[in-house]
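One-based numbering, in listed order, for ligands and for the atoms of each.
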Amino acid sequence: MLYQVMLPILDIVQDILQNKGPETQIQERLDSVFQAQQENRYTISKTTASERIAKLKKILHWVDAHRTDIHKALREDFNKPEAETDLSEILVVTGEIKHAIKHLRHWMKPRRVPGSLTFLTTSSYIQFEPRGVVLIIAPWNFPFNLTMGPVVSAIAAGNCMIVKPSELTPATSALMGRLFRELFPENEIAMFEGDKDVATMLLEKPFDHIFFTGSPAVGRIVQQAAAKHLSTVTLELGGKSPVIVDKSASMDDAVAKISWGKFMNNGQACIAPDYALVHKDRYAEFVEKMSKTVKKYYGQSPEERKSSDHYARIITERHHGRLKGLVDKAIEQGAKLVLGGTADASEKYLAPTLLTDVPNHSPIMKEEIFGPVLPILAVDSMDQAIGIVQKMEKPLALYMFSNTERNIQKVLNGTTAGGTCINDTMIHFLHPNLPFGGVNFSGSGNSHGFYGFRAFSHERSVLRHHRLAPMKMMYPPYTPFVRKIINLVVRYL
Ligand code: NAD
């Protein structure tokens, strides 16, 4: 016991004596962990559904026992309200685990595929096999959910993994580090904390798969690094997700759902409605009702909203400054402030903000906002709304509030997006049977439920031939008789 406690201390003393910098230490640990996981990968890949389910249950119990610690960590990282942590961090992860536990046996079963005349004497199936040793890089905005969600899928699929959470949420990262250390050996799951320098070191390794969640800019870097080893990638990225409100929308319902989707997590959600396109006939009503709803959610006066316990904070002063800059620039360019706009850098507080008359060329209409600011634009028609969306990069989510089927179909057919909610925002993320992912700029590949399991699996084709093999009749030498058979096959099969 004493020896186990002393060992890490002796390692540190030895490193100091040998004058090793932190970078060398990380590199050495990475080399040894990566090697150990390579050696362990086939042991883990052979695990049965019951063994994997047992691991998932261990996580479920740990999360249950440490719910208060998770609340505390997220309060510390960006003042996230406990109710939001329950809904958007804990529930998402426990839901993902329970769904996997229920369905894993079925997911792991080989899928038989039908043959054709040519394959009459064979039987064929798809076998899901683990990718091997995978890398999971996570962002800060839902630090528990977006780290643990992919981890659950990777365990279900039978992989070894290295996990790098965001450097901007140290309390949550430390807690997850504890979870991994208490439940898994490092040759199965290891966590490396650190910023882009650590991520760059990790990306040098020939991982079998890289699951990255973050910005499109870093997504490009990850894809380039993966290309060096031809590692496969899942990219869960971001972008500007529009919300379209047509003339027939049920307005009270729409503003309740848009206000929740926009200001939850302080607007720092990859699928938060980024900007609203509202039919001109309902524009004034939308603006007025949004303003009322935000006050109802977070407080009637600016002071009440600032001291609200239900409103999180911006993650860092740098992000706060960027958002304040976007709002100030939009106003300078002619946008009108309907609500909010007040900021306090020392508290990383930005009031829930509504802007109207925002010019199209303003930076706030060009880059992903990722904060509690909603630009509201009036449109003459659905065609105009569609035209605006088409000119932008393909979004991760597109929301539509309407009671007119023709308009709903028009928007679905005239745009593309990773996912869409009709008459709601955000909740498609929670659906266990829908794939979650982006399209091109907003990402590639999917996560959640079976789709997460699939992302961390290779679909191996297996064909079994029985004794009788008609193909043999077409082997060389290509005599006139063999040519005749080949001709028949080409013609009729
Ligand atoms: P980010 O891209 O800055 O960072 C994400 C991760 O990449 C972090 O762990 C970070 O340390 C690492 N990283 C940063 N620079 C790197 C580099 N040069 N090389 C390798 N790794 C690097 O993203 P963020 O600020 O943490 O998160 C916000 C972005 O993530 C937004 O664009 C948002 O839309 C997107 N996002 C997408 C999803 C999704 O599921 N699609 C979910 C959440 C956030």
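The shortest contact between atom 2 (O) of ligand 1 and any protein heavy atom is with Ser215 OG, 2.7 Å. Shortest contact from atom 36 (N) of ligand 1 to any protein heavy atom: Cys270 CB, 3.4 Å. The protein heavy atom nearest to atom 13 (N) of ligand 1 is Val218 CG1, 3.8 Å. Of the protein's heavy atoms, Ile221 CD1, 3.5 Å lies nearest to atom 18 (N) of ligand 1. Atom 25 (O) of ligand 1 has its closest protein heavy atom at Trp140 NE1, 2.8 Å. For atom 27 (O) of ligand 1, the closest non-hydrogen atom of the protein is Pro139 CB, 3.5 Å. Protein heavy atom nearest atom 32 (O) of ligand 1, with residue, atom name and distance: Glu368 OE1, 2.8 Å. In terms of protein heavy-atom proximity, atom 12 (C) of ligand 1 is nearest to Ile137 CG2, 4.1 Å.
Neither the backbone nor the side chain of Leu168 has any atom closer than 4.0 Å to an atom of ligand 1 (non-hydrogen atoms only).
Between Ser215 and Leu237, the closest heavy-atom pair is O-CD2, 3.6 Å. Of all heavy-atom pairs spanning Ile271 and His428, the tightest one is CD1-CE1, 4.0 Å. Annotation for Ile386 and Gly414: closest pair CG2-O, 3.5 Å, computed over non-hydrogen atoms.
Ring pair His99/His103 is tilted by interplanar angle, where 30° to 60° counts as tilted.
Taking a 6.0 Å sphere around NE2 of His361, one finds it holds more than 12 heavy atoms contributed by other residues, nucleotides or ligands. Summarising the local packing, CZ of Arg220 is surrounded by 12 or fewer heavy atoms from other residues, nucleotides or ligands at distances under 6.0 Å. Taking a 6.0 Å sphere around NZ of Lys58, one finds it holds more than 12 heavy atoms contributed by other residues, nucleotides or ligands. Applying the 6.0 Å contact sphere to CZ of Arg460 captures no more than 12 heavy atoms from other residues, nucleotides or ligands.
Ligand 1 does not have Val222 within reach: every non-hydrogen atom of the residue lies 4.0 Å or more from it. At least one heavy atom of Phe436 sits closer than 4.0 Å to an atom of ligand 1.
For the side chain to side chain contact (heavy atoms under 4.5 Å, CB included) with Glu89, the qualifying choice from Met148, Glu84, Lys80 is Lys80, the only one to do so. Between Phe436 and the choices Tyr451, Phe450, Phe429, the ring-ring contact (aromatic ring centres under 6.0 Å, His included) rule is met once, by Phe429.
For ligand 1, the atoms sitting less than 4.0 Å from at least one non-hydrogen atom of Ala199 are 20 (C), 21 (N), 22 (C), numbered in the order shown with element in parentheses. Of all atoms in ligand 1, listed by their number and element, those nearer than 4.0 Å to a heavy atom of Leu203 are 20 (C). The atoms of ligand 1 that sit less than 4.0 Å from any heavy atom of Phe370 are 28 (C), 31 (C), 33 (C), 34 (O). Counting the atoms of ligand 1 from 1 in the order shown, those under 4.0 Å from a heavy atom of Glu236 are 37 (C), 38 (C), 39 (C), 40 (O), 41 (N). Near Gly238, with a cut-off below 4.0 Å to any heavy atom, the atoms of ligand 1 are 34 (O). Taking every heavy atom of Glu167 and a limit of under 4.0 angstrom, the matching atoms of ligand 1 come to 10 (C), 11 (O). Every atom of ligand 1 is numbered from 1 in the order shown, and the set under 4.0 Å from a heavy atom of Asn141 is 43 (C), 44 (C). Near Ser166, meaning under 4.0 Å from one of its heavy atoms, ligand 1 places the atoms 9 (O).
Residues Glu39 and Gln35 have side chains that bring a donor and an acceptor to within less than 3.5 angstrom of each other. Inspection of the Asp77 and Thr172 side chains reveals an N or O donor paired with an N or O acceptor under 3.5 Å.
When only interatomic distances are considered, the shortest N/O to N/O separation between Gly214 and ligand 1 falls below 3.5 Å. Distances between N or O atoms of Thr213 and those of ligand 1 include no value under 3.5 Å. Ligand 1 has an N or O atom lying under 3.5 Å from an N or O atom of Ala138, backbone or side chain. Between Lys196 and ligand 1, a contact under 3.5 Å exists for no N or O pair. Annotation: Lys164 places an N or O atom under 3.5 Å from an N or O atom of ligand 1; distance criterion only.
At a threshold of 4.5 Å between non-hydrogen side-chain atoms, the residues Asp197 and Glu23 do not count as touching.
By heavy-atom distance, the residue among Leu237, Thr200, Val198 lying nearest atom 37 (C) of ligand 1 is Leu237.
Centroid-to-centroid, the aromatic rings of Phe34 and Phe207 come within less than 6.0 Å.
For Arg29 and Phe192, the positive end sits near the middle of the six-membered ring, less than 6.0 Å away and at most 45° from its axis.
Distances from atom 34 (O) of ligand 1 to the protein include at least one heavy-atom value under 4.0 Å.
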